[in-house]
Amino acid sequence: MSAPHEWITRAETDADIPAIREINLAAFNTIEEADLVDDLRTDPAWIEGLSIYSAGPDGKPVGYALLTRCHVDDTPALCLGPCAVLPSHQNTGAGSAAIRAALEAAERACERFVIVLGHPAYYPRFGFTRASESRIRISIDVPDDALMALSLGSKELPSGTVRYAAPFGI
Ligand SMILES: CC(C)(COP(=O)(O)OP(=O)(O)OC[C@H]1O[C@@H](n2cnc3c(N)ncnc32)[C@H](O)[C@@H]1OP(=O)(O)O)[C@@H](O)C(=O)NCCC(=O)NCCS
């Protein structure tokens, strides 16, 4: 198994867009997340430099993590997702590498808060905690432990309802 430090991580360029689409198509086995990423790319929620891929020594993208603008009530935050890894490379650290690189890039960009709706067994390793503990809610019915939040600095997480970018349809 490869360790995370063996993965190269980079912000996407136009040349990477087809490979990122392939990762999302393969990881989710449906067109939805791949189309979502393409829709987000032309949405005001898109932030340059926060669409990150991980690649092995050959430079071929295999893992992916995206951060886009969302709000908790009126407080700006970032939404993490989709996160995806080619099935042939899952569980080898490619996802973690892309996510950690995306969070580091967000911190460098002075972003403060990140929200994720996902697997409660996976995201706590990056520091995410149950969002409901900070009175952060979502307008759709999801398991309480699936909505998680992270403060990138020392600021206390805001409370309120997560407002996603329009392409999420939430
Ligand atoms: C989820 C995903 C992004 C994780 O990336 P990855 O590179 O495979 O995972 P990593 O190598 O970074 O980490 C491995 C760990 O993740 C866990 N993991 C992998 N897929 C998981 C899943 N679907 N649910 C919960 N945990 C998962 C593994 O059990 C392993 O845990 P351990 O370290 O405690 O043994 C990737 O497996 C994937 O693309 N899955 C299909 C699409 C998907 O479900 N995306 C996330 C939507 S929230």
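We count ligands from 1, going down the list as the structure has it; atoms in each ligand are counted the same way.
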For atom 27 (C) of ligand 1, the closest protein heavy atom turns out to be Tyr122 CD1, 4.3 Å
Looking only at protein heavy atoms, what sits closest to atom 48 (S) of ligand 1 is Tyr123 OH, 3.3 Å
Stepwise side chain to side chain contact (heavy atoms under 4.5 Å, CB included) test for Glu32 and Leu36 | CA-CA 6 Å; Glu32 277 179 36; Leu36 172 63; over 6 Å; no
* Backbone N/O of Met148 and side chain of Arg130: donor-acceptor pair under 3.5 Å -> no
Query raised in the report: Within the distance-only criterion (no hydrogens, no angle test), does the side chain of Asn24 pair as donor or acceptor with the backbone N or O of Ile20 below 3.5 angstrom?
Result: yes
Checking heavy atoms under 4.0 Å, the part of Tyr64 that sits near ligand 1 is neither
Exercise. Examine distances only and state if a side-chain atom of Ser159 and a backbone atom of Arg135 form a donor-acceptor pair shorter than 3.5 Å.
Key: no
Query raised in the report: Under 4.0 Å from atom 45 (N) of ligand 1, is there any protein heavy atom?
Result: yes
heavy-atom search around atom 39 (O) of ligand 1 in the protein gives Val85 N, 2.8 Å
Under the side chain to side chain contact (heavy atoms under 4.5 Å, CB included) criterion, do Thr161 and Arg137 qualify, and how do the steps go? CA-CA 5 Å; Thr161 301; Arg137 299 171 296 274; 3.7 Å; yes
Open item on the list: I'd like to know if the side chain of Glu12 and the backbone of Ser51 have a donor-acceptor N/O pair within less than 3.5 Å.
Closed with: no
Quiz item: For Arg125, is the nearest heavy atom under 4.0 Å from an atom of ligand 1?
Solution: yes
Any protein heavy atom nearer than 4.0 Å to atom 2 (C) of ligand 1:
no
Report task. Give a yes or no answer on whether the side chain of Ser96 reaches the backbone of Gly93 with a donor-acceptor pair at less than 3.5 Å. Result -> no
TODO: Measure up the Phe126 and Tyr122 rings against each other and bin them: parallel (under 30°), tilted (30 to 60°), perpendicular (over 60°).
DONE: perpendicular
Open item on the list: Quick check against the 3.5 Å criterion: does Arg69 have a side-chain atom that pairs as donor or acceptor with the backbone of Ala77?
Closed with: yes
Among non-hydrogen protein atoms, atom 28 (C) of ligand 1 lies closest to Asn91 OD1, 3.1 Å
For atom 38 (C) of ligand 1, the closest protein heavy atom turns out to be Gln90 NE2, 3.5 Å
Residue, atom and distance of the protein heavy atom nearest atom 7 (O) of ligand 1 read Gly95 N, 2.7 Å
Does the Arg125 side chain pair with the main chain of Ala121, one donor and one acceptor, at a distance under 3.5 Å?
yes
Open item on the list: Counting only nitrogen or oxygen atoms and a 3.5 angstrom limit, does Cys83 reach ligand 1?
Closed with: yes
| said: Any atom of ligand 1 sitting under 4.0 Å from a heavy atom of Gly63? | reply: no
In this structure, atom 42 (C) of ligand 1 is nearest to the protein heavy atom Phe28 CE2, 3.6 Å
With heavy atoms and a 4.0 Å threshold, my read on which part of Thr92 contacts ligand 1 is backbone
If you scan protein heavy atoms around atom 23 (N) of ligand 1, the nearest is His119 NE2, 3.2 Å
Does Ala84 have a heavy atom less than 4.0 Å from any atom of ligand 1? yes
Sub-4.0 Å protein heavy atom near atom 21 (C) of ligand 1: no
